[in-house]
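A quick note: this is a predicted structure, and the numbers were derived from the prediction, not measured. Reminder, nothing fancy here: chain letters follow the sequence lines and each chain counts from 1.
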Amino acid sequence: MPRKVVYEARVEYVQILDEEGRLDARLAAGTLTDEQVAFLYEQMVICRQYDEVAFKLQRSGRMGTYPQNKGQEAAALGSGFAAKKGADFLVPCYRENAALFLHGLPMEHILLHWMGDERGNQIPEGVNVTPISIPIGTQMLHATGIAWAYKIRREPRCVITYFGDGATSEGDFHEAANFASTLQVPCVFFCQNNQWAISVPRETQTASETIAQKALAYGMPTVQVDGNDLFAVYKETRDALDRARSGGGPSFIEAVTYRLGDHTTADDARRYRDPEEVAAWQQKDPMIRTRKYLESKGLWDDNRQRAAEERAKAIVQEVVRTAEGIEKPTTDDIFNFTFADLPAEIARQRDTLRTSSIGQEPTQAALRAGH
Amino acid sequence: MPRTEVMNTKGLTLVDAINEALAQEMERDERVVVLGEDVGLNGGVFRVTEGLQKRFGAERVADTPLAESGIMGTAIGLAMAGMRPVPEIQFEGFLGPAYDQLVNHAARYRTRSRGAVTIPLTVRVPVGGGIHAPELHSDSPEAIYAHHPGLKVVMPSTPYDAKGLLLSAIRDPDPVVFFEPKRVYRSFRESVPEEDYTIPIGQAKVVAEGTDVTVVTWGAPVFQCLAAMDELPEDASIELIDLRTIYPIDVDTIVESVRKTGRCVVVHEAPKTAGLGAEIATIIQEHCFLHLEAPVQRCTGFDTVMPYYKLELDYLPESPRIQKAIEECLAY
Ligand SMILES: Cc1ncc(C[n+]2csc(CCOP(=O)(O)OP(=O)(O)O)c2C)c(N)n1
Ligand SMILES: [Mg+2]
């Protein structure tokens with residue numbers, strides 16, 4: 001009667017661009033060109049500015065709760081850039097604004113969402129993203145279903161779904177991973193492990209040594225990357241997408257990153273986070289190392305930085321103007337999107353803005369008048 | 001909670017009162033455990049469990065993984081094993097993943113085991129709209145849970161009631177869904193006795209006595225109704241009932257009032273169709289048919305998805321709409 005090892009596994013960690021902006025040229029081969037890096041860095045500048053302005057809008061009462069993306073830009077951009085705009089589909093959570101913008105979502109949409117306006121979720125035709133997802137962990141199943149449809153129709157398209165470390169505790173995550181890999185659908189599970197789920201640290205969230213290893217249980221290729229490293233994120237996402245496109249099924253990527261801000265504007269992370277931890281991660285900010293890299297290549301300097309910041313300010317200012325310039329929706333909008341064909345009762349409520357019945361029912365009113 | 005300091009600034013908020021009830025019950029009964037997302041170190045996203053982990057330790061005030069089905073399901077197990085779990089679900093919209101455990105397990109165990117297994121758990125859930133919150137942070141699903149046999153459903157609207165009802169809920173031998181109206185969380189303070197007291201589950205409260213029309217409501221709309229009453233002419237004599245417990249519903253208080261007034265307006269945030277207004281109207285026609293002077297009116301949320309916050313005050317039964325419903329009912 002044997003006693004033997006029937007399963008052994010390991011998880012690789014990939015870093016290509018380190019905190020000092022030094023590149024591993026061998027691993028970087030065939031990934032991002034310098035022009036692409038400069039372009040993506042500019043997107044980081046814009047998104048960081050967007051975040052700062054959104055924060056101020058909330059603080060000055062011009063917007064509701066907002067979750068800053070600060071610190072996670074490389075994860076969003078590196079992965080989003082690897083996907084084919086207009087063909088592949090992104091199914092996000094709420095901390096990958098930069099990826100959505102890259103795929104053509106007009107920037108005011110995200111502001112509108114957090115300004116309490118559903119029109120922020122009205123994704124324009126041709127933009128392949130779903131609206132941001134508020135309930136944690138639910139969207140990965142939708143991503144799996146979308147990828148399933150691509151597989152059934154033999155379309156050479158893939159899906160990337162984004163979610164946090166906390167989301168991997170939800171049952172839906174495990175169901176999605178299991179469906180995706182038993183069905184071998186073209187879906188990339190991209191976990192933004194930013195170390196925190198509101199006040200709950202990664203170590204309390206799961207006793208797994210890595211998040212990446214959870215995918216092993218579902219027979220899914222998996223990798224852990226430095227999530228603040230554009231190159232590693234891009235390369236691993238591209239490889240996962242290539243695999244998916246060529247029938248290799250789903251993959252899992254754990255991007256190790258950090259939530260530099262509060263959970264949302266409604267949160268105060270000082271209550272539960274060690275300032276030293278935050279300070280240490282600030283040194284690993286993806287913007288610092290990407291800029292250092294560009295500078296080392298002679299592609300960036302203070303002048304270009306100033307110009308990029310000016311441009312970002314102008315872009316974001318315009319986006320805010322657009323978002324705030326949109327008139328308040330009419331009350332009809334509460335009703336009109338409930339169904340394709342509005343039931344009579346809902347139409348009645350829309351047209352009268354009431355739910356009480358007196359005077360509403362004509363035959364009864366007539367009978368009463370005759371009394 | 002430095003009780004005397006709090007009392008000195010004119011009493012407790014709803015948040016304070018619930019916190020005090022939890023602390024006192026944990027002190028009194030070591031079987032009581034609190035579990036949920038961010039309830040420990042952070043004291044909950046609304047700070048309702050503030051200070052409890054520090055005082056009672058991380059075993060009795062546990063930050064769980066982010067999984068509502070896990071929270072509810074393990075609370076059931078804790079209850080089976082003789083504990084008194086008080087799980088928190090962060091917002092009513094996230095009862096979704098916990099629904100199966102709550103309605104198919106917690107609610108049914110007593111019946112399916114013919115009383116051999118009972119589930120004394122109290123799930124605390126912030127509820128309702130009006131605070132400019134994001135999607136799925138503003139709904140009012142109380143009717144759904146009232147519809148499931150085996151669950152008690154409570155929704156206090158004042159700090160005093162919250163403390164007394166929470167103590168009753170935790171001591172109740174059956175599962176209780178304890179909804180906390182967010183809009184009231186910090187909207188006012190009131191004097192709350194420091195000592196232990198309970199308010200029985202299943203007892204409504206007559207907030208204002210009157211003879212012309214009965215208004216039945218619960219949760220945050222209690223205050224919208226009071227505002228509407230302020231706007232109505234002095235000679236309109238309105239009886240306002242705060243249900244406090246949704247299930248089991250206090251039929252007697254409603255019936256006694258409507259037999260006196262002959263008119264009734266039910267106000268709730270949840271959608272109209274299949275809402276509790278329908279149940280209450282039916283109770284009234286069953287018990288008060290020959291006393292009625294007007295059809296029972298429902299002034300409620302619309303039969304739509306709760307809109308994002310730009311339109312939430314157009315959706316909710318705010319005082320002008322309530323006022324109109326009362327006026328029409330009176331004039332009928
Ligand atoms: C189903 C569900 N439960 C609870 C919440 C409340 N909530 C919002 S964000 C969050 C933490 C999410 O953590 P993580 O998945 O790591 O994502 P992060 O916010 O760190 O990006 C929680 C508990 C929710 N939105 N949905
Ligand atoms: Mg996280």
(request) Using modelled atom types only, decide if a donor and an acceptor are shared between the side chain of Thr355(A) and the backbone of Arg298(B) within a distance under 3.5 Å. (result) yes

(message) So for Leu311(B), is it side chain, backbone, both, or neither that comes closer than 4.5 Å to the heavy atoms of chain A?
(response) both

(message) Looking at Phe335(A), I'd like to know if its CZ atom is crowded, meaning that more than 12 non-hydrogen atoms belonging to other residues, nucleotides or ligands lie closer than 6.0 Å.
(response) yes

(message) On a heavy-atom basis, which atom in Gln297(B) and which in Ser356(A) lie closest, and how many Å separate them?
(response) OE1-CB, 3.1 Å

(message) Take a 6.0 Å sphere around CZ of Arg321(A) and say whether it holds more than 12 heavy atoms from other residues, nucleotides or ligands.
(response) yes

(request) Write out, in numerical order, the residues from residues 135-144 of chain A with a heavy atom short of 4.5 Å from a heavy atom in chain B. (result) Pro135(A), Ile136(A)

(request) Return the minimal non-hydrogen interatomic distance between Glu170(A) and Pro97(B), and the atom names on each side. (result) OE1-CB, 4.2 Å

(message) What part of Ile346(A) gets within 4.5 angstrom of chain B, counting heavy atoms only: side chain, backbone, both, or neither?
(response) side chain

(request) Examine whether an atom of His263(A) lies under 4.5 Å from a heavy atom of chain B, and if so say whether it belongs to the side chain, the backbone or both; otherwise answer neither. (result) neither

(message) Can you tell me how far apart CG (Asp303(B)) and CZ (Phe339(A)) are? Round to the nearest 0.5 Å.
(response) 9.0 Å

(request) Counting only heavy atoms closer than 4.5 Å, note whether Glu68(B) contacts chain A via side chain, backbone, both or neither. (result) both

(message) Quick check for you: to the nearest 0.5 Å, what is the distance between Ile358(A) atom CD1 and Tyr332(B) atom OH?
(response) 6.5 Å

(message) Quick check: do Val200(A) and Leu66(B) have side-chain heavy atoms less than 4.5 Å from each other?
(response) no

(request) With a 4.5 Å heavy-atom cut-off (strictly below), which parts of residues 347-354 of chain A touch chain B? List them by number. (result) Gln349(A), Leu353(A), Arg354(A)

(message) Is Ala167(A) close to chain B through its backbone or its side chain, or both, or neither, when contacts mean heavy atoms under 4.5 Å?
(response) backbone

(request) Show the numbers, then the answer: is there a side-chain hydrogen bond (donor to acceptor under 3.5 Å, both in side chains) between Ser199(A) and Asp38(B)? (result) CA-CA 6 Å; Ser199(A) 71; Asp38(B) 306 284; 2.7 Å; yes

(request) Measure distances from Leu112(A) to the heavy atoms of chain B and classify the residue's part below 4.5 Å as side chain, backbone, both or neither. (result) side chain

(request) Tell me, for Pro134(B) versus chain A, whether the close heavy atoms (under 4.5 Å) come from the side chain, the backbone, both or neither. (result) side chain

(message) Could you measure the distance from the CG atom of Leu41(B) to the CD1 atom of Ile198(A)? Nearest 0.5 Å is fine.
(response) 13.0 Å

(message) I want to check something: taking the side chain as every heavy atom from C-beta on, are Pro65(B) and Gln205(A) in contact at a cut-off of under 4.5 Å?
(response) yes

(request) State plainly whether the residues Glu118(A) and Lys310(B) are in salt-bridge range, i.e. N to O under 4.0 Å. (result) no

(message) Please classify the contact of Ser357(A) with chain B as side chain, backbone, both or neither, using a heavy-atom distance under 4.5 Å.
(response) both

(request) Report yes or no: do Tyr308(B) and Asn121(A) form a side-chain donor-acceptor pair below 3.5 Å? (result) yes

